[in-house]
A.B. asks: 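Take a look at this one; I'll ask things after.
All figures in this text were calculated on a predicted structure; none of them were measured in a lab.
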Amino acid sequence: MHSTSSQTIAIIDYGMGNVRSVQKAIEHVAPNDNVILTDNADLINQADRIVFPGQGAMGACMQALNEHGLSEVIKKSAHEKPFLGICLGLQLLFDHSEENFGTKGLGIIPGNVVKFSKSELKIPHMGWNTVNQSIDHPLWHNIENNARFYSVHSYYVSEADASVVAGTTDYGVDFTCAVAKDNMFAVQFHPEKSQHDGLQLLTNFINWKV
């Protein structure tokens, strides 16, 4: 089911991550909407929905956000309109990460990000893994519990208040892979790379009435 009325969906492009693949996936599920890649604060503020992707090192991402003057714009958007964080776009919402000898995040959601411990499991956590849905949420609509999604990451959210945890994944440790708070939803995995269920999640976001 596609959205029935035209809306503007801003994908925040601050030079970190493959935002084109996110754009193509959203354009696929929302062909009637205006999907834009932008680092322009005015366009982000004017958009109806915000997608906040990210890949790479958290320190470099925070530096890029600050250089583009986007930190405060993201904090504002995350409290005002439907907001979807993807991969590093989840981790950046938290207070602090161990990455790059310690990096301060945006502090929108309390909690910390830590590195997977060295074990028999390969790091980064790369490939398909199941997601246990911790809560009933509109973005899980038509997605079976323990559906498989695609991930690539070496760090994970270790401390998140139980009230915001929307999904968990097991990779040597049971970690938070999805959070939900008011109009925010963010995932560690890549819905744009997760085939049918990933596209369903993006469809749910496009149609999400907050």
A.B. asks: Quick check: is V131 connected to Y156 through a chain of hydrophobic side chains (ILVMFWY, heavy atoms under 4.5 Å apart)?
C.D. replies: no

A.B. asks: For the CZ atom of F189 and the CG atom of L201, what is their distance to the nearest 0.5 Å?
C.D. replies: 5.5 Å

A.B. asks: Are side-chain N/O atoms of N145 and N132 paired as donor and acceptor at under 3.5 Å?
C.D. replies: yes

A.B. asks: Is any side-chain N of the basic residue among E72 and K76 closer than 4.0 Å to the acidic one's carboxylate O?
C.D. replies: no

A.B. asks: Hey, are T38 and N40 close enough side-chain-wise for a donor-acceptor pair under 3.5 Å?
C.D. replies: no

A.B. asks: Do V113 and V173 belong together in a cluster built from hydrophobic side chains that touch within less than 4.5 Å?
C.D. replies: no

A.B. asks: Is the distance between the ring centroids of F83 and W208 less than 6.0 Å?
C.D. replies: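 Distance test on ring centres: not under 6.0 Å, no.
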
A.B. asks: Compute the ring centroids of H125 and Y155, then answer whether they are less than 6.0 Å apart.
C.D. replies: no

A.B. asks: Please name the residue in the list L90, V179, L88 that meets the side chain to side chain contact (heavy atoms under 4.5 Å, CB included) test with Q188.
C.D. replies: L90

A.B. asks: Using the ring centroid of each side chain, check whether F116 and F175 are separated by less than 6.0 Å.
C.D. replies: yes

A.B. asks: What distance do Q63 atom CD and N100 atom CG have between them, rounded to the nearest 0.5 Å?
C.D. replies: 10.0 Å

A.B. asks: Under a 3.5 Å threshold, yes or no: a donor from one side chain and an acceptor from the other, between E99 and Q91?
C.D. replies: no

A.B. asks: Below 6.0 angstrom between ring centroids: does that apply to H190 and F149?
C.D. replies: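 Ring-ring flag for H190/F149: false, centres at least 6.0 Å apart.
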
A.B. asks: For residues I36 and I9, determine if any side-chain heavy atom of one lies less than 4.5 Å from a side-chain heavy atom of the other.
C.D. replies: no

A.B. asks: According to a hydrophobic-cluster definition based on side-chain heavy atoms being under 4.5 Å apart (Ile, Leu, Val, Met, Phe, Trp, Tyr only), do I143 and I86 belong together?
C.D. replies: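 As far as the 4.5 Å side-chain criterion goes, I86 and I143 are connected within one cluster.
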
A.B. asks: State whether the side chain of D95 and the backbone N or O of N112 hold a donor-acceptor pair below 3.5 Å, judged by distance alone.
C.D. replies: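 Side chain of D95 to backbone of N112: no pair is present.
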
